[in-house]
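The next block holds one structure in the form of structure tokens; read it before the comments.
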2 protein chains.
Amino acid sequence: MNIGEVADRTGIPAKTIRYYEDIGLVRPMRRPNGYRAFRDTDLHKLAFLGRARALGFSIEDCRTLLGLYENESRESSQVKIVATEHLAAIDRKIAQLQSMYKTLSHLVDGCQGDHRPDCPILSDLSGNP
Amino acid sequence: MNIGEVADRTGIPAKTIRYYEDIGLVRPMRRPNGYRAFRDTDLHKLAFLGRARALGFSIEDCRTLLGLYENESRESSQVKIVATEHLAAIDRKIAQLQSMYKTLSHLVDGCQGDHRPDCPILSDLSGNP
DNA sequence: ATAGGGCTTCCAGCAACTGGAAGCTCAATA
DNA sequence: TATTGAGCTTCCAGTTGCTGGAAGCCCTAT
């Protein structure tokens with residue numbers, strides 16, 4: 001399979017697939033003409049990566065997970081640790097965004113949004129109590 | 001004021017303050033010895049930036065907001081538009097993270113986390129329905 | 001005089017791509 | 001058969017918002 005078809009089938013842009021090869025996440029064969037030749041295993045790996053990335057795992061986490069996936073003698077606890085830590089990070093991020101949302105939505109609600117310059121958003125940002 | 005004191009008082013690292021000068025967000029004066037000399041207005045601007053960044057505004061948004069802040073003839077509607085769009089972006093981000101959280105927490109819950117290799121997290125990532 | 005801390009600049013690197021240029025290859029058409 | 005045009009290749013640069021480090025000047029205190 002050429003890179004274009006792999007891109008179509010996985011939904012991962014060709015550019016990104018090349019990047020993943022660059023950083024050693026996939027190692028497709030090469031044809032005599034220099035084109036990458038993807039096997040089904042490469043396709044599966046890329047689909048795996050696509051799903052892991054969609055769940056927000058970092059590239060390094062993806063590398064780890066892919067390694068565990070291909071390691072017959074893995075222990076599910078190893079996978080669970082990675083996923084649990086990521087889950088906690090997501091949770092922290094959500095909390096942080098919700099805090100921003102809360103603050104900002106109050107400010108926005110208080111802003112008239114008219115032709116006059118007075119604005120509680122700017123007041124708050126400028127340190128006005 | 002030297003950069004160190006400004007950093008202490010605003011909580012913004014000196015490195016970051018220099019970076020903000022680089023990209024034109026602040027323009028401190030210079031002493032004859034080459035040191036940056038920050039006035040109170042610079043301090044206020046940096047504090048403003050710190051708060052805006054803490055609310056998740058992008059640097060470009062910060063530039064806009066700072067411009068509006070300093071513009072006597074602004075209209076609060078201009079501020080409100082920037083803030084409202086940012087609020088919507090935060091909302092989208094929260095929704096995305098919550099979706100990830102939901103999926104991943106289900107998978108984590110289903111994982112035994114023991115010495116055996118079987119793991120629903122990897123099964124899911126590998127495309128197992 | 002010297003030690004230290006603070007200040008300066010510049011260069012590089014992080015994550016995870018993405019865009020673009022220059023150039024080769026291949027399949028299909030005129 | 002010659003030539004399009006799409007698809008492939010590599011490499012370099014840029015994105016966002018810093019952050020670290022090196023080399024070197026400045027200032028104060030001992």
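Below, read A as the first sequence line, B as the second, and so on, with proteins coming before strands; counting in each chain starts at 1.
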* Mapping B:Y35 and A:N33 to their closest nucleotides on DNA chain D, which lands nearer the 5' end? -> A:N33
* Asked: Is there side-chain contact between B:L66 and B:F48, with heavy atoms separated by less than 4.5 Å?
  ->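 The answer is yes; the side chains approach within 4.5 Å.
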* **Salt-bridge present (A:E21, A:R27; N to O < 4.0 Å)** => no
* Using 4.0 Å as the upper bound for N to carboxylate O, is an ion pair formed by A:E60 and A:R63? -> yes
For the pair made of [atom1] in [X] and [atom2] in [N], what is the distance, rounded to whole Å?
X: B:D8; N: C:dG6; atom1: CG; atom2: P; value: 9 Å
X: A:I17; N: C:dC17; atom1: CD1; atom2: C1'; value: 13 Å
X: A:L49; N: C:dA16; atom1: CG; atom2: C1'; value: 13 Å
X: A:N2; N: C:dC26; atom1: CG; atom2: C1'; value: 10 Å

Using a 4.0 Å heavy-atom cut-off, does [X] contact any base of the nucleic acid, only the sugar-phosphate backbone, or nothing at all?
X: A:I3; answer: sugar-phosphate
X: B:R18; answer: base
X: A:R36; answer: sugar-phosphate
X: A:R31; answer: nothing
X: A:Y20; answer: sugar-phosphate

* State the OH-CG distance between A:Y20 and A:L49, to the nearest 0.5 angstrom. => 6.0 Å
* Which distance, rounded to the nearest 0.5 Å, do you find between the CG of B:L104 and the CG of A:D91? ->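 It comes to 11.0 Å.
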* State, to 0.1 Å, how close B:V26 and B:D42 come at their nearest heavy-atom pair, and which atoms those are. =>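 Between these two residues, the closest heavy atoms are CG1-O, 4.3 Å.
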* Inter-axis angle, terminal five-pair segments of the helix from C:dA1-D:dT30 to C:dA30-D:dT1 [nearest 10°] ->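 End-to-end axis angle: 30°.
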* To do: For A:Y19 and for B:E21, locate the closest nucleotide of DNA chain C by heavy-atom distance; then report the residue assigned to the nucleotide nearer the 5' terminus.
  => B:E21
* To do: Answer yes or no: does atom CZ of A:R39 have more than 12 heavy-atom neighbours from other residues, nucleotides or ligands under 6.0 Å?
  =>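 It does: A:R39 CZ has more than 12 such atoms within range.
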* Asked: Do B:S126 and B:N128 get their side chains close enough for a donor-acceptor pair, meaning under 3.5 Å?
  ->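 No.
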* To do: Check whether the side chains of A:S77 and B:D114 place a donor and an acceptor atom closer than 3.5 Å, and report yes or no.
  => no
* Could you list where the contact with chain B starts and ends along DNA chain D, reading 5' to 3', using a 4.0 Å heavy-atom cut-off? => D:dG17 to D:dC27
